[in-house]
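As the structure is a prediction and not an experimental result, all values here were calculated from the model. Order of the sequence lines sets the chain letters (A, B, ...), proteins ahead of strands, with each chain counted from 1.
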Amino acid sequence: MKKLINGVDAVVSDALAGLARAHPGILRVMRDPDYVVRVDAPVQGRVAIISGGGSGHEPMHTGYVGYGMLTAACPGPIFTSPTPDQILAATRATNGGAGTLYIVKNYAGDLMNFEIATEMATADGMTIASVVVGDDVAIGITELRRGVGATVLIEKIAGAAAERGASLDECARVARRAALQSRSMGVALTACTIPALGHPSFQLADDEIEVGIGIHGEAGCRRVGLAPVAAIVDWLCGAVADDLRLCAGDRVLAFVNGLGATSQLELYGVFHEVARWCTEHAFVIERNLVGNYMTSLDMAGCTVTLLRLDDELLQLWDAPVLTPALRWGM
Amino acid sequence: MKKLINGVDAVVSDALAGLARAHPGILRVMRDPDYVVRVDAPVQGRVAIISGGGSGHEPMHTGYVGYGMLTAACPGPIFTSPTPDQILAATRATNGGAGTLYIVKNYAGDLMNFEIATEMATADGMTIASVVVGDDVAIGITELRRGVGATVLIEKIAGAAAERGASLDECARVARRAALQSRSMGVALTACTIPALGHPSFQLADDEIEVGIGIHGEAGCRRVGLAPVAAIVDWLCGAVADDLRLCAGDRVLAFVNGLGATSQLELYGVFHEVARWCTEHAFVIERNLVGNYMTSLDMAGCTVTLLRLDDELLQLWDAPVLTPALRWGM
Amino acid sequence: MQFTVDHVIRFLERAAALIRDHSIELTELDALIGDADHGANLNRGFTAVLAKLDDLVDEDIGTVLDVTGRTLLSTVGGAAGPLYGTAFRRAGALLAGRRILESAELVAALEAALQGVVERGKVRQGEKTMLDAIAPGVETFRDAIAQGVLLEEAARQALAAVEQGMRATIPMQATKGRAAFLGPRSIGHQDPGATSAYYIACAMVGDVERLMTRSRDVSSAC
Amino acid sequence: MQFTVDHVIRFLERAAALIRDHSIELTELDALIGDADHGANLNRGFTAVLAKLDDLVDEDIGTVLDVTGRTLLSTVGGAAGPLYGTAFRRAGALLAGRRILESAELVAALEAALQGVVERGKVRQGEKTMLDAIAPGVETFRDAIAQGVLLEEAARQALAAVEQGMRATIPMQATKGRAAFLGPRSIGHQDPGATSAYYIACAMVGDVERLMTRSRDVSSAC
Ligand SMILES: Nc1ncnc2c1ncn2[C@@H]1O[C@H](COP(=O)(O)OP(=O)(O)O)[C@@H](O)[C@H]1O
Ligand SMILES: Nc1ncnc2c1ncn2[C@@H]1O[C@H](COP(=O)(O)OP(=O)(O)O)[C@@H](O)[C@H]1O
Ligand SMILES: [Mg+2]
Ligand SMILES: [Mg+2]
Ligand SMILES: [Mg+2]
Ligand SMILES: [Mg+2]
């Protein structure tokens, strides 16, 4: 394994130090317990939006802390959920008296740690609501569905609602609707190398790809032969749109996400096929996002997310945002 | 070789189609000859800023077309300079009567193709100025220095000058000054795989890195053992700052650029070390840029660029920009 | 035989040592059906626990277990952190103030820990998790004590049940935790959480020698 | 012997075929000291030239060469596009309107092409580029014709000089083009541009059989 690091144990810590140094106008990085918080938190009377998860998915979540998106993010070690004390500390530091919304990806570890944090915060007199994101249609059983690409979209949408002064219920409602209206599926061409493991977490032959992968280096739901990107997009979009029951004329946000080691050249090629596919099925791409927004270290591959838009979600998506990784309107 | 593509010959073409579809509000993609142009070009009375080069470095250059940066970009095939007719067509399409500035990376192919385009455009009665970028201190002989990271910074700065109505001479002057004030050096952990070649362009052992690499899959100037990122940054920053003759108290823009397959976690770790190094040497990082802004397909590694700032360059850097890959202030 | 704070501290020391020695093995197991962090996670947690033990020698058993649970909660993360953390805290709460334990209290504490895992994990037996190792162990121990079996022998029986439960996860298809994402592809691999539970049980029983021969089997079985 | 448009068109057809057949070899050479595109670039260009030849049979030699140069310029890109493009256009400009050539005109056209490469590339001999193959060929041909050597024999001598020039690039350190970035590490590899120049020279001489045996040597020499 070759990485630009000082050592396996320093990876997350060094990256957080770099993040703090790079974006002092946007966020602050707190240590022991670790969390990243908007520079102006707590904002009195505003709902705080908090997410978190294992590191290794950058820019998710720390890169989404800032105006109009996350109030705080709790980064765990690589691919390991953060601990309740991180979440509790972030909750306290961002408490503006209007309640806190946790955006939790549907993984056993994330759920349990946020659950314990909720118990602690509630015992402390704070008001917590949670939205669980499980958009990965690669998993047949709905309750088991992992949170993947939709997480980024939901964080943006919930953050915009909080920024314009929506109540906790209101923020939770739009976040849940965005979650309900989005589905994803991914494909890997290579596994990623987790620093602590030191070798790729699974092996793929030179003519094999893994369909339905997660973002934690775990293998997917089936292994198939390498195919042209047009065919791959047909599978991904087909599975996503079926599950979402998209109908002709539906407006969508199409999100093509790189998993870390896939070139932008390829990602725009993927988006070209997604757009072709949507046109063929009379789905209208009203907004799009193409790039590395939720990665799996150095995995090669992508996820495709479709979010069915309505005017409210569209407005929230378009609202100004100023974070290290997502920025517009300011 | 595994890539998300429809075939070796379709890579650039499909990516351009995707780019056009993703950013209709910012740019248009013209075909045969291929170039990418701002949606509002030509702007009468404004200097046009044009760059170009081989594909495979995305978002450079096509991702920098838009308000406040490039008026047009000419993408060649992967790692192959664009042809004069592409450049000429882009020059004609963006000619607002105030002249055109070519930003050319110092490669034989780029130089010659832009030179021929200049001859043709001049014969057509258009006014052309050129700035050649050669910031790579890995190359000892100054005239041979490749254009790498500084190109992105110079495109932003020249674009901001043009946007605020500067004359061609003025745009060329600030671009040249930015070029004069910036140096870069890079390191690769792996080679990239050029689709047409189908295998990595050079081989590195599991404990070797290549220092002073270019961005076209070519090997660097020396091969050394893998080292902690702190040591790597010491070499890169040392070489860059020496050549730039940075003095204590100098203000800089520090740019940590990923070459395609290096995680953001690592890039922020690199930036942390760059900031540490600058502090040790009393150089003041006034601005920074951390991410994949000039890639070499799926190469793992990074380049570090330092640009000595003054008030004028700082203002031009901070000016609003709206392109697919760089956006702020709007 | 009676249990004292000393016993508990030595158990935790042994647990920390075993987790450290088997950290790579646990991570490799997790790489096969999870995300390759189980060993590193637990090792981080038990190392933190170890660092606190010196300050705990004069505390009661409940406090030691509670501090252990809190420490695991705040350092392990992932799924294992909340699960083991909750288990230790539940046992600690039950034994608050106690300095010496009878077998019956030990059974009650283990049952509380088990219940903590069940509730926190919303999990049943047969879902291919740590519960499949823990539950048979606690049940076997409880039944043996109830039948008047001597503590040492009851512990041996319980450990054998844990080990069997651990191995029984191999043919299971996971329906909880990350391994569940793999569906049928999770079959054929031993659950990392069940494996760490086995090592913790070994530490509890304290039969380190027996463990050392066993652990080679475990590794080679993987 | 006199040169006609027909000869030129057959030369270009042979050049296109040779470049196509050696495209991977040229790209592999470029991978060693450049950026692995030389074969693909030239193949794209000569394929485009080939597609235009049918429409050019009734044109004069100057036009055919000029269109060839323009086509290479607008389809090859990289360094080779401007260099070969300029070379063909310079030759074409010199032969504007000519339908039949004497040896002397051929010499002048080749010298113009050579001059085009020198000016466009701002290059001298010994910098490890295509010039190191082209220049000795043109000079040998010029001298042989000046000494009254028969055209066929002069062409053979020139081709031998091109081949020797190509091989002479192996021990050179590059100071132009991408290979120059490698400094001393460029030594020991044959220049891809000199190699493509050799194949084009082969097409010019038209001795395809001889070439077929040679090309195996070239590949194995790399
Ligand atoms: N819901 C659950 N209930 C009980 N045990 C679980 C549950 N989810 C996961 N586990 C256990 O946790 C182990 C994985 O722990 P660990 O790797 O530390 O966490 P993560 O899966 O978050 O990376 C699994 O092997 C399994 O035994
Ligand atoms: N300045 C120059 N003058 C003459 N020939 C050159 C020059 N620069 C490069 N070349 C030739 O071009 C060849 C490379 O062509 P090609 O691979 O198509 O372009 P690029 O280097 O832009 O990828 C080199 O092998 C060399 O022979
Ligand atoms: Mg984990
Ligand atoms: Mg090239
Ligand atoms: Mg795990
Ligand atoms: Mg080349």
Side-chain angles (χ1 to χ4, degrees), chain B residues 8-9 32-33 52-54 56 74-86 88-89 107-117 119-120 136 138-141 143-146 191-202 212-223 296, chain D residues 23-24 26-45 47-48 69-87 89 116-117 119-123 127 129-130 173-186 189 193:
Chain B
V8 165
D9 293 332
D32 288 318
C74 303
I78 289 178
F79 292 174
T80 299
S81 320
T83 59
D85 58 323
Q86 292 177 262
L88 185 65
Y107 298 96
D110 289 20
L111 289 174
M112 290 189 270
N113 285 288
F114 273 97
E115 184 182 83
I116 295 174
E119 291 164 12
M120 291 171 160
D136 187 355
I139 309 290
I141 304 158
E143 304 78 57
L144 283 180
R145 285 189 174 166
R146 297 172 283 218
C192 57
T193 297
I194 302 168
L197 190 62
H199 61 75
S201 46
F202 57 88
I213 41 88
I215 55 169
H216 296 90
E218 69 264 39
C221 52
R222 66 199 159 97
R223 193 163 287 196
S296 188
Chain D
S23 159
I24 290 171
L26 292 170
T27 290
E28 294 283 353
L29 282 174
D30 199 26
L32 293 172
I33 55 170
D35 61 349
D37 62 358
H38 189 57
N41 291 352
L42 282 188
N43 191 34
R44 186 173 53 246
T47 303
R70 286 176 185 274
T71 305
L72 292 177
L73 262 188
S74 68
T75 54
V76 175
L83 290 164
Y84 283 125
T86 302
R89 291 197 65 198
V117 171
E119 287 174 18
R120 186 59 74 199
K122 299 183 179 65
V123 63
E127 301 203 81
T129 69
M130 58 173 65
Q173 174 170 339
T175 53
K176 277 278 165 6
R178 290 184 192 288
F181 302 146
L182 294 177
R185 286 167 82 182
S186 63
H189 301 285

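- With sequence neighbours excluded, the residues that form a side-chain hydrogen bond (donor to acceptor under 3.5 Å, both in side chains) with D/D37 are B/T80, D/N41.
- Side-chain atoms of D/R44 and B/P77, non-hydrogen and from C-beta on, do get closer than 4.5 Å to each other.
- Within the 4.5 Å cutoff, side-chain heavy atoms of B/L197 are placed close to those of D/E28.
- Proximity of a side-chain donor or acceptor of D/R178 to a complementary backbone N or O of B/A108 within less than 3.5 Å is not detected.
- Atom OG1 of B/T83 and atom CG of D/L72 lie 11.5 Å apart (nearest 0.5 Å).
- The side-chain heavy atoms of D/R120 and B/E115, taken from C-beta on, include a pair separated by under 4.5 Å.
- Atoms OG and CG, on D/S74 and B/D32 in that order, are 10.0 Å from each other to the nearest 0.5 Å.
- Both the backbone and the side chain of B/F79 have a heavy atom closer than 4.5 Å to some heavy atom of chain D.
- Residues forming a side-chain hydrogen bond (donor to acceptor under 3.5 Å, both in side chains) with B/T193 (at least two apart in sequence, or on another chain): none.
- Heavy-atom minimum distance, D/F181 versus B/L144: CE2-O, 3.2 Å.
- Most heavy-atom pairs under 4.5 Å with chain B, from the set D/L83, D/I33, D/T27: that is D/L83.
- Between chain B and the residues D/A40, D/P82, D/A180, the largest count of heavy-atom pairs under 4.5 Å involves D/P82.
- Considering all non-hydrogen atoms of both residues, B/C221 and D/R185 come closest at C-NH1, 3.5 Å.
- Contact of the B/I116 side chain with the D/L73 side chain is registered, since non-hydrogen atoms from C-beta on lie closer than 4.5 Å.
- Neither the backbone nor the side chain of B/I141 has a heavy atom closer than 4.5 Å to any heavy atom of chain D.
- Contacts of D/T75 with chain B are made by backbone atoms alone, with heavy-atom separations under 4.5 Å and no side-chain atom involved.
- Neither the backbone nor the side chain of D/V123 has a heavy atom closer than 4.5 Å to any heavy atom of chain B.
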